[in-house]
Amino acid sequence: MKKYLLTFLTLALAVVLAACSGSDEKEKTSSTEESKEIKLGATAGPYSDMLKKAIIPQLEEKGYTVELVEFSDYVQPNNALDNGDIDANLFQHTIYLETFEEQNNMDLEALLTVPTAPMGFFSEKLTSVEDIEEGATVAIANDPANAARTLITLQGQGLIEINPDADELTASEKDVVTNNKNLVFQPVEAGSLPRQIENADLAAVPGNFALAAGLNLMDAVFLEDMNENYRNVVAVKSENKDSQLANDLIEIVESAKYEEVIDSEFQGFSKPEWMANR
């Protein structure tokens, strides 16, 4: 009798363990499936389009179900990322990300840089740098970051010289030491720069505002040679930087298929060094 009782108990224990094991496997499978349902955030415009056309299709091929969340400002995408409402975002450059997380006590991580719309120098009167005359007016952004980008680009075109001791990320008009053509700078709010094209001889329009206004980057008199710190990044929470999603996003952005979409759909975008030099 004891022998039969022992056998019965052994079989019962095996059934219980098998059931628990099956339950664990089911939970693991469910967890895995949930991790494939993700939300990506971007500001409406070119970077939302980049997610739609160049990144999300490849994520879906990998089995992800993706919801795209569009934002209308530059604050909420990082707030949403930090509190877990979205899993990654694409809208900001490195300097903005680092400044934002420091000011708001967040711990976010840039996975890698992506092709970014450069600042374009547009004109209704000029077709080349050689056309710029003495005393030409140049509309520039009145915020320090975009103003510095403008001046560095003008220096690259040989139009001005900036004090070599000035930081190229914070250079301002007071750092201009040579201005042979006596260019007249007209600072305005960055979002209004597209409207200044018809008024100024030259307007330095940040790429996102140029595209939002329907401008074609390829119509610019010249384009910014971008500092790597101003290229946009795919960002996640730092605790997720080694996650499967993070690895998949990196693999997709580094793929030939992604670059093909950039070349066909995002002409004029400045490629990061890692992509241009491979």
Side-chain angles (χ1 to χ4, degrees), residues 41-43 45-47 50-51 54-55 71 73-75 77-78 81-82 88-121 140-157 160-176 187 190-191 193 204-212 217 220 222-238 241 246 249-250 253-254 258-259 262 266 268-278:
T43 48
Y47 301 103
M50 187 177 292
L51 286 174
I55 294 178
F71 298 91
D73 63 55
Y74 280 53
V75 174
N78 280 338
L81 180 60
D82 184 64
N89 67 35
L90 171 57
F91 77 100
Q92 65 196 321
H93 54 57
T94 303
I95 294 175
Y96 182 86
L97 171 63
E98 292 177 349
T99 302
F100 191 94
E101 62 176 338
E102 180 179 349
Q103 293 177 344
N104 294 277
N105 194 30
M106 295 179 178
D107 193 10
L108 309 179
E109 182 83 12
L111 293 179
L112 76 172
T113 52
V114 300
T116 304
M119 180 177 287
F121 289 70
I140 69 173
N142 61 6
D143 64 278
N146 282 316
R149 294 170 66 182
T150 301
L151 296 174
I152 292 297
T153 304
L154 291 172
Q155 176 173 256
Q157 293 292 327
I160 62 173
E161 290 183 12
I162 297 171
N163 187 327
D165 295 329
D167 185 337
E168 68 174 33
L169 300 180
T170 59
S172 65
E173 288 182 54
K174 66 180 177 58
D175 296 308
V176 176
L193 281 163
V205 187
N208 58 321
F209 292 116
L211 294 172
L217 292 175
F222 54 90
L223 295 171
E224 169 190 23
D225 183 9
M226 296 190 77
N227 181 301
E228 285 294 297
N229 289 306
Y230 289 124
R231 297 189 196 282
N232 280 10
V233 297
V234 177
V236 297
K237 291 188 73 170
S238 293
K241 66 179 181 179
L249 285 168
I250 292 171
V253 173
E254 290 180 342
Y258 172 86
E259 189 169 5
I262 296 300
F266 299 88
F269 277 52
S270 176
K271 294 181 179 179
E273 289 180 358
W274 68 260
M275 180 180 284
N277 296 334
R278 66 182 178 181

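Only heavy atoms go into these numbers, but all of them, side chains included; no hydrogens, no water, no symmetry mates.
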Criterion side chain to side chain contact (heavy atoms under 4.5 Å, CB included) on L81 and L108, from CA distance to verdict: CA-CA 8 Å; L81 180 60; L108 309 179; 4.1 Å; yes
In sequence, state the C-alpha distance, the side-chain angles, and the governing distance for S270 and E224, and then conclude on side chain to side chain contact (heavy atoms under 4.5 Å, CB included). CA-CA 9 Å; S270 176; E224 169 190 23; over 6 Å; no
Is there a side chain to side chain contact (heavy atoms under 4.5 Å, CB included) between M119 and V205? Walk through the geometry before answering. CA-CA 5 Å; M119 180 177 287; V205 187; 5.7 Å; no
Please lay out, stage by stage, how M106 and F100 fare under the test side chain to side chain contact (heavy atoms under 4.5 Å, CB included). CA-CA 8 Å; M106 295 179 178; F100 191 94; 3.7 Å; yes
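For residues 97-107, the pairs satisfying side-chain hydrogen bond (donor to acceptor under 3.5 Å, both in side chains) are D107-S238, with sequence neighbours left out.
Listed for the W274 side chain is no donor-acceptor partner under 3.5 Å among the backbone atoms of E254. When atom types are taken as modelled, the side chain of S172 and the backbone of T170 share no donor-acceptor pair closer than 3.5 angstrom. Panel note: side chain Y230, backbone R149; no donor-acceptor pair is recorded below 3.5 Å. Side-chain N or O atoms of Q155 include one that pairs as donor or acceptor with a backbone N or O of I162 at under 3.5 Å. A donor-acceptor pair under 3.5 Å is formed between the side chain of E228 and the backbone N or O of E273. Panel note: side chain K271, backbone P115; no donor-acceptor pair is recorded below 3.5 Å. Checking side-chain atoms of N89 against main-chain N and O of P77 turns up a donor-acceptor pair under 3.5 Å.
Taking 4.5 Å as the limit, every side-chain heavy atom of T116 sits out of range of all side-chain heavy atoms of H93. Counting heavy atoms from C-beta on, the side chains of F121 and T153 come closer than 4.5 Å.
Here the straight-line distance linking atom CG of N208 with atom OG1 of T43 works out to 7.5 Å at 0.5 Å rounding. Interatomic distance, CZ of R231 versus CG of L112, reported as 12.5 Å (0.5 Å rounding). Separating the CG atom in L90 from the CD1 atom in I55 is a distance of 5.5 Å, to the nearest 0.5 Å. Going from atom CG of D167 over to atom CG of D175 covers 9.5 Å, rounded to the nearest 0.5 Å. Between atom NZ of residue K241 and atom CG of residue L111 there is a gap of 10.0 Å, rounded to the nearest 0.5 Å.
Closest of all the heavy-atom pairs between N227 and L169 is ND2-CD2, 3.8 Å. Taking every heavy atom of both residues into account, A190 and A141 meet most closely at CB-CB, 4.0 Å. Between L51 and G41, the closest heavy-atom pair is CD1-O, 3.9 Å.
Screening V114, N232, L217 against F269 for a side chain to side chain contact (heavy atoms under 4.5 Å, CB included) leaves a single residue, L217.
Ring geometry for Y96 versus Y74: interplanar angle over 60°, hence perpendicular rather than tilted (30 to 60°).
For F91 and Y47, the gap between ring centers reaches or exceeds 6.0 Å.
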